[in-house]
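This report refers to the structure that appears directly beneath it.
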Amino acid sequence: MSNSFDDMPFFDEEPGEMARKPQPPAAPAERAPVAGGGIAARAMAARDGGKRPDYLAGLNPEQTEAVETLEGPVLVLAGAGTGKTRVLTTRIAHILNTGRAFPSQILAVTFTNKAAREMKERIALLVGGAVEGMPWLGTFHSIGVKLLRRHGELVGLRSDFTILDTDDVVRLIKQLIQAEGLDDKRWPAKQFAGMIDTWKNKGLGPADIPEGDARAFANGRGRDLYVAYQARLSTLNACDFGDLLIHPIAIFRKNPDLLKEYHGRFRYILVDEYQDTNTAQYMWLRLLAQRPKGELQNVCCVGDDDQSIYGWRGAEVDNILRFEKDFPGAKVIKLERNYRSTEHILGAAAHLIAHNEGRLGKTLFTDRSDPDDAKVQVHASWDSEEEARAIGEEIEQLQRGKHLLNDMAILVRASFQMREFEDRFVTLGLNYRVIGGPRFYERLEIRDAMAYFRLVAQASDDLAFERIINTPKRGLGDTTVRALHDYARARDIPMLAAAADIIETDELKPKARKALFDVIQSFRRWQELLENTPHTELAEQILEESGYTDMWKNDKSAEAPGRLENLKELIRSMESFESMRGFLEHVSLVMDAETNENLDAVSIMTLHSAKGLEFDTIFLPGWEEGLFPHQRSLDESGRAGLEEERRLAYVGITRAKHRCHIWFVSNRRIHGLWQSTLPSRFLDELPVTHVEVAEMEQSYGGYGRGGYGQSRFDKAEPFANSYSTPGWKRAQANKTDATRDNWGTRSGHAVERIGYGESGPKGRTIEGELVAKSTSTEPSRFTLGDRVFHLKFGNGNITGIEGNKLTIEFDRAGQKRVLDGFVERA
DNA sequence: CTATGAAAATTTTTT
DNA sequence: ATTTTCATAG
């Protein structure tokens, strides 16, 4: 068997219009230059003129150094808002403009597709188009795909392999677990998928995983399962996300000659967000970047140890700390001049992050100092609903002040927090945009449609087959699918082929046989159309003829119209792709749909997806212990986890240019139960000089003196000062004008009723502590039928008691389950 | 094989 | 609390 790429022009995507040869000797495979007004020609002009190109103007000395130090390894430590992206893009523009390399000879790696897209756009602005010629700008994963499409055969993949997403992977693993005769409840497929992902992020194959890990799952059969999983992927001609990193590493290791060709290929390597590289990515990068002795290592990594927030995904901050060791003679450049935020915002962020140990230590500074700049504001609300309401009001106020919604963002710790804002904004009629929420391509109907497309484009995609063979219902249930599955596995053929075979036999009941026959006929027809029919047309035809659109048209549930709308949107989004295959590839890697920039809307997103962005006004809700810092982070990673959470807080604050509002609430609903919460310890770590407590009247000013938290945490008796917090103080301030009937209805002071925190019975004030205690053995202080009052729901009767959880039939709110600490006898 | 209702899980963050 | 998964009956 001959490897087809041996006799293929190796680097075939070189654009023919590319201008002159780059001055340092070009790679042998480059095509002959063609005259024209391309980048290199402009570069020649720039050089001949002897003038500094204007894209270098306006850079500060450090930035200039980072851009102009093109030879040898460079590490740029770029604090938040110091022009990191600008340095990267200008550096690339400079490389191109001085004719040092063709666009295709630059490897530029980013972390997200969004970052890659943005970088492409910005480079295009700098050099004037021609970024088409930068095929190697993308995420680690997308570049991994590119490599595998060329050289996948070296690890047993055909070039048309499919990329499985998390959902596919979990379903596949579930099958494997069941096939092993294991209980898939005791050993959840999802968990094992996570383990495999973790291993792959560390660059570990089945043979390399630690014994302990191998034993931890499925009665010690973890390793076997991993082997079986890889084998299954191989028969499916498929890859998971981790493989996109692992396979290229294996290929380069096993084929030094090939690696050498790529060394010649990539004259310049740039890596964004270096602090977030995991071990596999690091290995991958080292293979490409570490050249044989004597050769220059033109690698430039940009990062910020204070913004490392992906430790949970296997990112190793150590990579950035180790850079100088890995690349001796590396030049380290620190960017510390911040161009984004006011000094208050910067001051608050800096003071907070200073609580972390083990930093490289940068000090951001700005010389902007405007007495009008607002300090970072800390707000308190009674519960998360009021929080949403209050933030909504703040936003509307800004809007009245002619601020664009596009310049505001709400950054949450966990995505479940988004919902309340959405609800609120819908009622307000306030435009919002959720970024990175439930992804478009992850929706049921989209995934179904995609499965059809995948199966047409790739007949061996068994996962797609199983997904849609009985959607819409065709009378092909579990029994039939199981039979097909066994048949296919026994003969080692794809299920679609097995289906074609099996209808020739009498193994199936006539009914199923007929149904299957029809489906196969349809797929045969679509497959024939694949090459010659415009792909959007084909897509519509598939959804129509398969009965999939009809299925939703006949569905009278509330979401059906939306789903049909999404399907239309899907077809529309296919238009910008050349072919069905191109589209499928895009979707498997880029799970996010483009946002509509024309709409003025508030952005709602997680702190993680906010990295790299900036907004005029930032809202940071949910600064409470347990949520932020997240309990799980603390439990699983202890101090390291806390520090990562703190970095997350740092990232959040530094997204703000002018205004930063931090919120915390006293009560939050978790798993459907209202729990009382304590303000985040991060609030105590903010400096008094740059932070003020919003809406706190002078009379309560004392609390802001660097210590609204200290008492809370340091007192031996936590009850005493549980409410020496703004929320509580505000509650006090409001208690006089509060009545039972107006709670929740007015401008956000739903707090009133907690008024008698100090004098009232302890049982109510410190719910949190009581909950913790009474979960053990103490009998409830209530009995069935008791008449009780709840701050939020009003009066009601107890209809059920389970430990400290009460089921109460409220007069107004209906039946709810609440913790007994939240109610009092009426 | 499907429809119904009950039980269980969900909630960290992403390519 | 809501959503998803599972079990049972039709």
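A, B, ... follow the sequence lines: proteins, then strands. Residue 1 opens every chain.
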Residues A:D168, A:R467: salt bridge by 4.0 Å N-O rule:
no
Nearest whole Å is fine: how far is B:dT13 P from A:I435 CD1?
15 Å
If you only use heavy atoms from C-beta on, which nucleotide in B:dT13, B:dC1, B:dT15 is closest to the side chain of A:N113?
B:dT15
Go nucleotide by nucleotide along DNA chain B from the 5' end; which of A:R474 and A:H608 gets its closest nucleotide reached first?
A:R474
Quick one: does NZ or CZ of A:R454 land under 6.0 Å from the six-membered ring centre of A:F465, within 45 degrees of the ring axis?
no
Respond yes when some side-chain nitrogen or oxygen of A:S415 is under 4.0 Å from OP1 or OP2 of B:dT11, and no when none is.
no
Nucleotide nearest A:K174 when distance is taken to its side chain, options B:dT15, C:dC6, B:dC1:
C:dC6
Once pairs are restricted to Watson-Crick or G-U wobble with both distances under 3.5 Å, how does DNA chain B read as a dot-bracket string, [ ] for crossings and | for other-strand pairs?
||||||||||.....
Can you find a side chain N or O atom of A:N470 that sits less than 4.0 Å from OP1 or OP2 on B:dT2?
yes
Cationic N near anionic O, under 4.0 Å, A:R647 to A:E644:
yes
How many whole angstroms separate atom CZ of A:R419 from atom C1' of C:dA1?
8 Å
Within the structure shown, what part of the strands sits under 4.0 Å from A:S142 by heavy-atom distance: base, sugar-phosphate, or nothing?
nothing
Would you classify A:H630 as touching base, sugar-phosphate or nothing, given that sugar-phosphate means primed atoms plus P, OP1 and OP2, and contacts are heavy atoms under 4.0 Å?
sugar-phosphate
Tell me: CG of A:L634 to P of B:dT13, nearest whole Å?
16 Å
Under the rule for side chain to side chain donor-acceptor pair (under 3.5 Å), what residues qualify as partners of A:N470, not counting sequence neighbours?
none
Nucleotide B:dT13, atom C1' - distance to CD of A:E273 in whole Å:
15 Å
With DNA chain B as reference, determine whether A:E645 or A:G475 sits nearer its 5' end, using the nearest nucleotide of each.
A:G475
Whether A:E585 and A:R149 form a salt bridge (side-chain N of Lys/Arg under 4.0 Å from carboxylate O of Asp/Glu) is what I want to check.
yes
How many whole angstroms separate atom NZ of A:K611 from atom C1' of B:dT13?
11 Å
Considering every strand and a 4.0 Å limit on heavy-atom distances, what is the contact class for A:F140: base, sugar-phosphate, or nothing?
nothing
On the 0 to 90° scale, with breaks at 30° and 60°, tag the A:W552-A:Y548 ring pair as parallel, tilted or perpendicular.
perpendicular
Are A:I410 and A:P621 side-chain neighbours, meaning at least one heavy-atom pair lies under 4.5 Å?
yes
Nearest-Å distance, CD1 (A:I309) to P (B:dT14)?
9 Å
Do A:E387 and A:R668 sit within salt-bridge range, that is, some charged N less than 4.0 Å from a carboxylate O?
yes
Is there a side-chain contact between A:T606 and the phosphate of B:dT14, meaning an N or O under 4.0 Å from OP1 or OP2?
yes
Same-atom distance (C1') from C:dT4 to B:dT13, integer angstrom
22 Å
For atom CZ of A:F628 and atom C1' of B:dT11, their distance in whole Å
16 Å
A:Q417 CD to B:dT13 C1', in whole Å, measures 12 Å
